[in-house]
Amino acid sequence: MTALRPQPRPAVLAIEAYVPGKSAAPAGVTLHKLSSNETPLGPSPKAIAAYQATADKLELYPDGSATKLRQAIGERYGLDPARIVCGAGSDEILNLIAHAYIGPGDEGLYSEYGFLVYKIAITGCGGVPVVAKERNNTADVDALLAAVTPRTKVVFLANPNNPTGTYLPFDQVKRLHAGLRPDILLVLDAAYAEYVKRNDYESGIELVATSDNVVMARTFSKIYGLAGLRLGWAYGPAHVIDALNRIRGPFNVSSSAIEAGVAALKDGAHLDAAVAHNETWLPWAAKEIAALGLKVTPSVGNFLLIEFPREKGRTAAEADAFLTRRGLILRAVGAYGLPDCLRLTIGSAEQMKLVVAALTDFMSGAPRA
Ligand SMILES: *Cc1c(COP(=O)(O)O)cnc(C)c1O
């Protein structure tokens, strides 16, 4: 029978759309958006100036291969620019990977509380999302390997993961890689790599360099503070980068994003300041919130997953409403299967003090019968 209107592929309608963090406060209340892991320091002033300088050339197409930016990334991270591809955020990179490697009926694997974009990307390609259980809110290499089937095409691992903030040490990532067939692509999503200060952590650069089936995704949205511009990149084997270049839009990264990205990479002092801020306020917030009797998952990112009790008057939903009334917007993570949790982004010093004060009031209120 002929349909009465155009029909998207069934896989498209199978997608549960991503719901971004809230960004509104009640009328008359100052908004503190702590729901999207944005940096309280903003981008480098040099990146803003470089962005503004592109304003008088907007009639020109950007360099479709973002050569200048790939070279700057290559210099900053010691990588071959020929093995880098840039995208409109790492979301685009993750979607390109899924579209290049996952077809109808193929499986894409990720861990239980893994970043939700993976599920959307896999589903949209007609693929089957397969989920491996976690342990202690951390990806479990054995569970991931046990979930591999002959139809597995791609394994997505956010390291560190959002929304949990936990990470896998390099030896665990290597063990995961060693257990995968060579035809399975391992995607290491290192959106928060710059925040991680652990000797046993490796973002993926080394594993990409020494294997043929690993690709690393990175972003300018988090520590570089350029989320609004949409800029990300991938580093991978030449054959993977070639595949992604074939399916991406020919001008997928804007000239403004290219210029701002190059300038951001050159401002090491700004990056150091963002790291130092996080090193101060992440442990402070974790300690203060845990002292209120709330469970806080140890995080190496710029955010904390906070678990609330199920007791009436103390639940995550009630905390969310309480904090929202004060303009403090955290991220509800029910869509991740974590209905008892809220995710808090490390904001400014003032914001962290406001959150701790608000949670103190929330927890000291009498629980309702
Ligand atoms: C924020 C985030 C990204 C990237 O976002 P873009 O803004 O699209 O670059 C990727 N992966 C994880 C795990 C994230 O939290």
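Counting starts at 1 for both ligands and their atoms, following the listed order. The structure presented is a predicted model; accordingly, all values stated were derived computationally and were not measured.
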Any Lys119 side-chain heavy atom under 4.5 Å of Tyr18 side chain | no
Considering only heavy atoms from C-beta outward, does the side chain of Thr164 approach that of Thr138 to under 4.5 Å?
-> no
Are [X] and ligand 1 in contact, using a heavy-atom cut-off of under 4.0 Å?
{"X": "Arg230", "value": "yes"}
{"X": "Asn37", "value": "no"}
{"X": "Ser221", "value": "yes"}
{"X": "Phe220", "value": "no"}

Look at atom 3 (C) of ligand 1 and say which protein heavy atom is nearest, naming residue and atom and giving the distance to 0.1 Å.
-> Lys222 NZ, 3.4 Å
What residue and atom, counting heavy atoms only, is the protein's closest point to atom 5 (O) of ligand 1, and at what distance?
-> Ser90 OG, 3.6 Å
For the pair Trp281 and Trp284, name the ring-plane relationship: parallel under 30°, tilted 30 to 60°, perpendicular over 60°.
-> perpendicular
Using the ring of each side chain (for Trp, its six-membered ring), is Tyr118 parallel, tilted or perpendicular to Phe115, with breaks at 30° and 60°?
-> perpendicular
Heavy atoms only: give me the nearest Gly347-Leu34 pair and the separation to one decimal.
-> CA-CD2, 3.8 Å
[X] heavy atoms, cut-off 4.0 Å: which ligand 1 atoms fall inside?
{"X": "Ala191", "value": "2 (C), 3 (C), 10 (C), 11 (N), 12 (C), 14 (C)"}
{"X": "Asn162", "value": "13 (C), 14 (C), 15 (O)"}
{"X": "Tyr192", "value": "1 (C), 14 (C), 15 (O)"}

Answer with yes or no after comparing the ring centroid distance for Tyr77 and Tyr235 against a 6.0 Å cut-off, counting only values under it.
-> no
Please state which part of Asp189 comes within less than 4.0 Å of ligand 1, counting heavy atoms only: side chain, backbone, both or neither.
-> side chain
Please name the residue in the list Leu304, Leu323, Leu305, Val333 that meets the side chain to side chain contact (heavy atoms under 4.5 Å, CB included) test with Leu342.
-> Leu323
